[in-house]
Amino acid sequence: EVQLVESGGGLVQAGGSLRLSCATSGFSFDHYALGWFRQAPGKEREGVAWISNSDRSTYYADSVKGRFTISSDSAKNTVYLQMNSLKPEDTALYYCAADPDLWVVGGKVVGPFGSWGQGTQVTVSS
């Protein structure tokens with residue numbers, strides 16, 4: 001059974017940093033793609049950052065490029081999202097997701113992710 005458990009969310013002031021973690025189990029971590037997504041109240045879920053563990057390629061949404069960094073640790077089967085220079089508009093429920101495939105078209109990640117965690121709340125105060 002695929003399991004993804006996020007942690008590390010919290011309340012932080014604008015300009016601050018947080019590191020989210022997603023502990024995974026039940027699949028071949030080194031051969032999967034992992035992604036971080038977020039959903040703010042009243043808004044659609046959006047992708048934030050993705051990593052392909054098979055070739056270590058990473059992708060970011062324009063809104064977080066240069067501020068967020070996705071990484072993964074194969075020894076711990078864990079994927080991280082380092083978030084710096086946080087803004088109030090980064091406030092959202094952040095989800096970790098996994099899929100065997102990572103579809104990229106024109107430098108943008110497309111396609112569904114099959115397995116999801118429960119989310120961790122990030123709140124950035126102004």
Side-chain angles (χ1 to χ4, degrees):
E1 180 187 3
V2 174
Q3 289 191 329
L4 303 132
V5 180
E6 302 95 335
S7 62
L11 174 64
V12 64
Q13 288 188 330
S17 299
L18 281 175
R19 188 176 81 154
L20 306 183
S21 300
C22 175
T24 76
S25 62
F27 61 93
S28 181
F29 187 81
D30 287 344
H31 299 98
Y32 264 58
L34 283 299
W36 285 97
F37 297 76
R38 66 187 182 187
Q39 187 166 19
K43 295 187 177 181
E44 292 188 356
R45 186 174 62 196
E46 63 170 342
V48 173
W50 303 262
I51 185 167
S52 170
N53 278 340
S54 59
D55 64 10
R56 315 303 292 179
S57 56
T58 58
Y59 303 87
Y60 297 93
D62 290 340
S63 58
V64 306
K65 202 170 292 184
R67 300 189 297 123
F68 290 11
T69 302
I70 189 171
S71 62
S72 65
D73 185 337
S74 295
K76 298 181 179 180
N77 286 356
T78 299
V79 62
Y80 303 97
L81 185 68
Q82 177 67 44
M83 305 186 295
N84 299 328
S85 302
L86 283 161
K87 305 175 181 180
E89 51 264 43
D90 294 318
T91 294
L93 188 60
Y94 282 70
Y95 298 92
C96 172
D99 200 88
D101 300 308
L102 185 67
W103 299 98
V104 181
V105 177
K108 302 291 186 182
V109 175
V110 299
F113 272 64
S115 301
W116 294 81
Q118 294 300 306
T120 184
Q121 178 68 37
V122 172
T123 303
V124 184
S125 63
S126 57

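Under the 30°/60° scheme for interplanar angles, the aromatic rings of Phe68 and Tyr94 are found to be tilted.
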Scan the side chains in residues 81-88 for donor-acceptor partners under 3.5 Å anywhere in the protein, sequence neighbours excluded, and list what turns up.
{"residue": "Gln82", "atom": "NE2", "partner": "Asn84", "partner atom": "OD1", "Å": "2.9"}
{"residue": "Asn84", "atom": "OD1", "partner": "Ser17", "partner atom": "OG", "Å": "2.9"}

Considering only distance and modelled atom types, tabulate donor-acceptor pairs under 3.5 Å from the side chains of residues 100-112, sequence neighbours left out.
{"residue": "Lys108", "atom": "NZ", "partner": "Asp62", "partner atom": "OD1", "Å": "3.4"}
{"residue": "Lys108", "atom": "NZ", "partner": "Asp62", "partner atom": "OD2", "Å": "3.3"}

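Residues forming a side-chain hydrogen bond (donor to acceptor under 3.5 Å, both in side chains) with Ser21 (at least two apart in sequence, or on another chain): none. Applying the salt bridge (charged side-chain N to carboxylate O under 4.0 Å, His left out) criterion to Arg67, with sequence neighbours excluded, gives Asp90. With sequence neighbours excluded, no residue satisfies salt bridge (charged side-chain N to carboxylate O under 4.0 Å, His left out) with Glu89. Among residues two or more places apart in sequence or in another chain, the side chain to side chain contact (heavy atoms under 4.5 Å, CB included) test is passed with Thr24 by Leu4, Cys22, Phe27, Phe29, Leu34, Asn77.
Crowding of Lys43 atom NZ: a count of heavy atoms from other residues, nucleotides or ligands under 6.0 Å not exceeding 12.
Taking CD of Glu44 as the start and CD of Gln39 as the end, the distance is 8.5 Å to the nearest 0.5 Å. Interatomic distance, Glu6 CD to Tyr95 OH, rounded to the nearest 0.5 Å: 8.5 Å.
Side chains of Asp73 and Thr78: no donor on one and acceptor on the other come within 3.5 Å.
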For this session: Using the side-chain hydrogen bond (donor to acceptor under 3.5 Å, both in side chains) rule, take Arg38 and Thr91 through it: C-alpha gap first, then chi angles, then the decisive distance, then the call.
Result: CA-CA 9 Å; Arg38 66 187 182 187; Thr91 294; over 6 Å; no
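A centroid separation of less than 6.0 Å is found between the aromatic rings of Phe37 and Trp116.
Residues Leu93 and Gln118 form no side-chain contact, since every pair of their non-hydrogen atoms from C-beta on lies 4.5 Å or further apart.
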